[in-house]
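All remarks here apply to the structure that follows.
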Amino acid sequence: MLGWEVLVYRSTAPDIFIARWMTSVFGLSWLDDLVKDNKAIDLGGNGYPNKYAVAAGVLLPIIKAGLPANGSPLVIGDDYVLPEGWSGEITWNQQEVLGCQASDQLMVEAWDQS
C-alpha cells in the first residue's frame, strides 16, 4: 500500500469531480473518524475503490480548511519518496463546489495506489 487517490463527486454525476487529491497510507483516517461519529457512511470496498457517502455540509468545510493531518509513515519506493504524513494538493472544480448545498450527498472514492 503506497497511498490513495481520492475523488469527490455527486452521486448523481459520478463523471464530474468536485475535488481530488492524493494522500499517504493513513490519509483516510479522518474519513473513518467521520464514520465512527455517524457523520459519514462507509459503503465498503476493497481499495479499488473504497467508497464513502458524506453530506457536503460536513465534507466541504473539512477539506476546504486543508486535509487533516495523518500519521502516515515515510514511504520509499523505487523512484519516489513520500514524507511522513504526506497529502498532495487538492484540485477543485469551483463550479461544482459553488453548486453544492449543505444537504447534498457527496460520494468519496479512494483508490489504492499500490
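Just so it is clear, the model here is predicted, and its values are computed rather than measured. Every heavy atom of this structure was used, including side-chain atoms; hydrogens, water molecules and symmetry mates were not.
Considering CD of Glu109 and CD of Glu5, their distance stands at 9.5 Å, rounded to 0.5 Å. Summarising the geometry, atom OG belonging to Ser87 is positioned 4.5 Å from atom CG belonging to Asn70; distances are rounded to the nearest 0.5 Å. Atoms CE and OG1, on Met22 and Thr91 in that order, are 10.5 Å from each other to the nearest 0.5 Å. For the atom pair CH2 (Trp92) and CZ (Phe17), the distance works out to 10.5 Å, reported to the nearest 0.5 Å.
Hydrophobic clustering keeps Leu59 apart from Leu7 (ILVMFWY residues linked when any side-chain heavy atoms are closer than 4.5 Å, directly or through intermediates). Both Val58 and Val97 sit in one connected hydrophobic cluster of ILVMFWY residues. Membership requires side-chain heavy atoms under 4.5 Å apart, directly or through other members. Residues Leu31 and Trp111 are members of separate hydrophobic clusters, defined by side-chain heavy-atom contacts under 4.5 angstrom among Ile, Leu, Val, Met, Phe, Trp and Tyr. No chain of hydrophobic side-chain contacts below 4.5 Å, direct or via other Ile, Leu, Val, Met, Phe, Trp or Tyr residues, connects Leu2 to Ile76. Placement of Met107 and Ile18 in two distinct hydrophobic clusters is found when ILVMFWY residues are connected by side-chain heavy-atom separations under 4.5 Å, directly or transitively.
Side-chain contact check for Ile41 versus Val35: every heavy-atom pair is 4.5 Å or farther apart. Contact of the Val6 side chain with the Arg20 side chain is not registered, since no non-hydrogen atoms from C-beta on lie closer than 4.5 Å. Two residues are said to be in side-chain contact when any heavy atoms from C-beta on lie closer than 4.5 Å; Tyr52 and Asp32 meet this criterion.
Side chain of Trp4 to backbone of Val25: a donor-acceptor contact under 3.5 angstrom is found. A donor-acceptor pair is defined here as one N or O able to donate and one able to accept, closer than 3.5 Å; such a pair exists between the side chain of Asp104 and the backbone of Gln101. Side chain of Asp112 to backbone of Ser114: a donor-acceptor contact under 3.5 angstrom is found. In terms of modelled atom types and a separation under 3.5 Å, the side chain of Ser24 and the main chain of Gly3 share no donor-acceptor contact.
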Practice problem: Might you work through the side chain to side chain contact (heavy atoms under 4.5 Å, CB included) test for Val75 and Trp86, ending with a clear yes or no? | Solution: CA-CA 9 Å; Val75 177; Trp86 178 83; over 6 Å; no
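Nearest heavy atoms, Leu74 versus Pro83: CD1-CA, 4.0 Å. Scanning both residues, Gln105 and Ala53, for their nearest heavy atoms gives NE2-CB, 3.0 Å. The two residues Pro68 and Ile62 make their nearest non-hydrogen contact at CG-CG2, 3.8 Å. Shortest non-hydrogen contact noted between Ser72 and Gly27 is OG-N, 3.7 Å. Smallest separation of non-hydrogen atoms from Ala19 and Ile90: CB-CG2, 3.9 Å. Here the closest heavy-atom approach between residue Arg10 and residue Leu106 is recorded as CG-CD2, 4.1 Å.
Tyr9 and Asn93 are not linked by any side-chain donor-acceptor pair at a separation below 3.5 angstrom, with hydrogens and angles left out of the test.
Within 6.0 Å of atom CG in Asp15, more than 12 heavy atoms from other residues, nucleotides or ligands are found, so the atom counts as buried in its surroundings. At most 12 non-hydrogen atoms from other residues, nucleotides or ligands lie less than 6.0 angstrom from CD of Gln95.
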